[in-house]
Trainee: 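One structure, pasted below without further comment.
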Amino acid sequence: MEPYLLSLPWVAFIAYVAGRLRLPRPLAPGSSAHGDVGEGAARVPQSSAQPSVTVIVPARNEAENIEGCVGSLSRSVYPDFEILVMDDRSEDGTGELARSLSPGNAREIRVIDGQPLPAGWLGKPWACHQAAMASRGGLLLFTDADTTHHPELLALSVASLKEDGAQALTLVGRQVLGSFWEYLLQPQMFGLLALRYPNLRRTFDAGRWKDAIANGQYVLIERSVYEAVGGHESVKGEVVEDMRFAQLVCRAGHRLSVRGAEEHFSTRMYKSLDDIVEGWGKNVYVGSRQSMGGRLPFLVALTPAAMVVTLMILWVVPTVSLLLSLVGVLPGSVVPWSLITYGLSTLFWIAVHYRFRAPVALAPLHALGALFVVGIILKSWRGGGRVRWKGREYQVSTS
């Protein structure tokens with residue numbers, strides 16, 4: 001009976017996650033104003049007065065992705081939009097590739113050469129700020145260069161913004177995975193985010209500003225609200241600028257909606273272990289502290305440590321205990337408890353891997369993934385406010 005009792009914390013954790021997790025609502029449905037665009041496609045709401053949209057794509061050394069991203073945007077079935085690519089001093093021909101692309105359904109594609117990075121600014125906020133200053137739309141859509149957009153995504157996003165009575169909207173799309181390390185580590189990293197933000201079904205407003213979050217891969221916002229909260233200048237020194245901007249928008253009394261768009265929007269964030277370590281390493285320490293915005297300072301300071309301890313206890317200890325007991329280092333009495341907790345953990349990660357379309361055969365290696373994630377957290381923690389990304393190095397505030 002004792003092994004079962006000692007396994008109850010794992011049962012409680014899985015039950016807690018299953019009970020609290022609320023995935024975002026799907027995009028608003030509607031009927032197409034542009035005729036039939038393909039079997040099974042979502043319907044776009046009819047409207048004779050859709051707001052104009054400027055789609056802003058900040059891009060630094062994105063030659064590998066820019067054609068796919070802008071090409072998919074140019075096929076958007078929306079009556080009034082422009083695409084603005086901010087070439088952030090790329091060294092790989094990103095700007096030239098963007099200039100060669102057909103505008104498609106867009107009014108035009110404009111490519112702007114970025115100015116040198118001023119003191120106190122980080123690269124992405126500076127690129128977004130410059131683009132916003134040159135934009136014309138009543139709505140601004142900020143999206144990353146490594147994203148792919150369904151033709152109806154823009155129209156459905158505008159419809160969802162209206163349906164929710166929101167002033168800003170962000171999307172949770174599909175994370176495209178294609179290598180062993182992506183399959184192993186990306187579900188772990190997004191699992192950590194889900195633990196902090198389990199309920200994405202409700203809109204965020206002034207009453208929930210501390211819990212507000214946005215996915216910087218897709219943020220649609222009314223121009224008037226963007227300007228009222230100070231635009232990207234208000235987050236010019238933030239490495240996790242999307243989270244901080246979401247908090248500022250909601251704290252100012254505006255409403256932010258989160259919608260699910262896995263069939264309409266996808267991103268492949270990283271393609272190698274080095275990319276994953278560098279990419280998450282720049283975000284995880286600062287982001288974990290920012291996610292506790294407005295709370296007691298000692299809780300904020302303990303957040304990274306709590307993440308490390310939780311990962312080690314939940315996922316690493318059962319696996320290590322099982323292996324050590326099977327080879328005789330630990331007594332045989334540990335085997336039943338280790339088997340139960342390892343089995344529960346593996347079942348949990350099978351579900352997570354299935355959700356992320358990753359091979360479930362890798363779920364038994366969850367302890368290995370957790371160890372690498374712990375390493376990323378510790379590396380980021382050790383670096384404090386030192387951040388390296390896209391060939392630039394920054395010293396940022398961690399408060």
Side-chain angles (χ1 to χ4, degrees), residues 7-27 40 42 146-150 153 170-201 213 215 217-218 258-273 275-277 279-280 284 307 310-320 322-323 338-374 376-377:
S7 303
L8 286 179
W10 279 258
V11 176
F13 172 80
I14 294 172
Y16 172 81
V17 172
R20 288 206 65 196
L21 190 64
R22 297 290 184 273
L23 298 177
R25 294 164 297 139
L27 289 165
D146 55 3
T147 60
T148 304
H149 302 244
H150 186 280
L153 177 61
T170 190
L171 299 183
V172 176
R174 181 167 70 92
Q175 294 296 322
V176 179
L177 310 176
S179 69
F180 171 81
W181 293 110
E182 291 172 89
Y183 292 138
L184 186 68
L185 300 181
Q186 290 292 74
Q188 296 254 356
M189 299 304 305
F190 284 104
L192 280 175
L193 276 175
L195 289 179
R196 173 61 185 90
Y197 300 98
N199 185 2
L200 297 179
R201 188 167 292 271
I213 187 171
N215 175 12
Q217 298 163 356
Y218 196 104
V258 183
R259 292 287 190 128
E262 291 192 17
E263 301 306 318
H264 294 81
F265 178 62
S266 62
T267 309
R268 187 173 183 184
M269 294 175 63
Y270 311 120
K271 296 182 180 180
S272 69
L273 178 59
D275 288 345
I276 293 171
V277 172
W280 284 111
V284 67
M307 293 166 60
T310 299
L311 287 168
M312 293 297 294
I313 292 176
L314 278 175
W315 314 128
V316 178
V317 169
T319 302
V320 172
L322 179 59
L323 292 175
S338 300
L339 276 174
I340 294 170
T341 52
Y342 174 76
L344 288 170
S345 301
T346 300
L347 289 174
F348 175 84
W349 284 107
I350 285 174
V352 174
H353 278 241
Y354 180 80
R355 179 72 180 79
F356 281 92
R357 307 183 191 187
V360 296
L362 294 181
L365 299 179
H366 57 268
L368 176 63
L371 284 172
F372 271 89
V373 172
V374 166
I376 292 172
I377 296 171

Trainee: Describe, in one word, how the ring planes of Trp349 and Trp315 are oriented to each other, choosing from parallel (under 30°), tilted (30 to 60°) and perpendicular (over 60°).
Mentor: perpendicular
Trainee: Checking ring-ring contact (aromatic ring centres under 6.0 Å, His included) for the pair His353/Tyr183: CA distance, chi angles, key distance, verdict?
Mentor: CA-CA 8 Å; His353 278 241; Tyr183 292 138; 8.3 Å; no
Trainee: Trp280 and Gln186: side chain to side chain donor-acceptor pair (under 3.5 Å), yes or no, with the steps?
Mentor: CA-CA 10 Å; Trp280 284 111; Gln186 290 292 74; 2.6 Å; yes
Trainee: Got a second to check how far Leu344's CG is from Ile14's CD1, nearest 0.5 Å?
Mentor: 5.0 Å
Trainee: Which pair of non-hydrogen atoms, one from Ala358 and one from Leu177, has the smallest distance, and what is that distance?
Mentor: CB-CD1, 4.1 Å
Trainee: Measuring from atom OH of Tyr197 to atom CG of Asn215, what distance do you get when rounded to the nearest 0.5 angstrom?
Mentor: 12.0 Å
Trainee: Search all heavy atoms of Thr346 against all heavy atoms of Ala363 and return the closest pair with its distance.
Mentor: O-CB, 4.0 Å
Trainee: Compare all side-chain heavy atoms of Thr148 with those of Phe265 and state whether any distance is below 4.5 angstrom.
Mentor: no
Trainee: Is any side-chain heavy atom of Ile276 less than 4.5 Å from a side-chain heavy atom of Glu182?
Mentor: yes
Trainee: Applying side chain to side chain contact (heavy atoms under 4.5 Å, CB included) to Val373 and Leu192, what does each step give before you reach the verdict?
Mentor: CA-CA 10 Å; Val373 172; Leu192 280 175; 3.9 Å; yes
Trainee: Mind checking salt bridge (charged side-chain N to carboxylate O under 4.0 Å, His left out) for Arg174 and listing every partner two or more places apart, or none if nothing turns up?
Mentor: none
Trainee: Do Leu200 and Ile213 have side-chain heavy atoms sitting under 4.5 Å apart?
Mentor: yes
Trainee: Can you find a heavy atom in the side chain of Val172 that is under 4.5 Å from one in the side chain of Arg259?
Mentor: no
Trainee: Tyr342 side chain to Val320 main-chain N or O, any donor-acceptor pair under 3.5 Å?
Mentor: no
Trainee: Check the pair Leu27, Leu171 against side chain to side chain contact (heavy atoms under 4.5 Å, CB included), reporting the backbone distance first and the verdict last.
Mentor: CA-CA 9 Å; Leu27 289 165; Leu171 299 183; 3.7 Å; yes
Trainee: Is there a side-chain contact between Phe372 and Leu273 in this structure, where contact means two heavy atoms from C-beta onward sitting under 4.5 Å apart?
Mentor: yes
Trainee: Apply side chain to side chain contact (heavy atoms under 4.5 Å, CB included) to Val352 and His366, showing your working.
Mentor: CA-CA 11 Å; Val352 174; His366 57 268; over 6 Å; no
Trainee: Without swapping roles, check the side chain of Gln175 against the backbone of Arg268 for a donor-acceptor pair under 3.5 Å.
Mentor: no
Trainee: What is the distance from atom CD of Gln188 to atom CG of Leu184, rounded to the nearest 0.5 Å?
Mentor: 6.5 Å
Trainee: Should we count CZ of Arg201 as having more than 12 external heavy atoms under 6.0 Å?
Mentor: yes
Trainee: Considering all heavy atoms of both residues, which atom of Leu153 and which atom of His264 are nearest to each other, and what is their separation?
Mentor: CD2-O, 3.6 Å
Trainee: Give the intermediate values and the outcome of side chain to side chain donor-acceptor pair (under 3.5 Å) for residues Gln217 and Thr147.
Mentor: CA-CA 7 Å; Gln217 298 163 356; Thr147 60; over 6 Å; no
Trainee: Look only at the side chain of Trp10 and the backbone of Ser345, and say whether a donor-acceptor pair between them is shorter than 3.5 Å.
Mentor: no
Trainee: So which atom in Glu263 and which in His150 form the shortest heavy-atom distance, rounded to 0.1 Å?
Mentor: O-CD2, 4.2 Å
Trainee: Quick check: His149 with Tyr218 (ring centres under 6.0 Å apart)?
Mentor: yes
Trainee: CG of Leu185 to CG of Asp275: how many Å apart, nearest 0.5 Å?
Mentor: 12.0 Å
Trainee: CZ of Phe180: more than 12 outside heavy atoms within 6.0 angstrom?
Mentor: yes
Trainee: Below 4.5 Å, heavy atoms only, C-beta onward: do Val316 and Leu311 meet side chain to side chain?
Mentor: no
Trainee: I need the minimum non-hydrogen distance between Ile313 and Pro318, along with the two atoms involved.
Mentor: O-CD, 3.4 Å
Trainee: Might you work through the side chain to side chain contact (heavy atoms under 4.5 Å, CB included) test for Glu262 and Arg355, ending with a clear yes or no?
Mentor: CA-CA 11 Å; Glu262 291 192 17; Arg355 179 72 180 79; 2.6 Å; yes
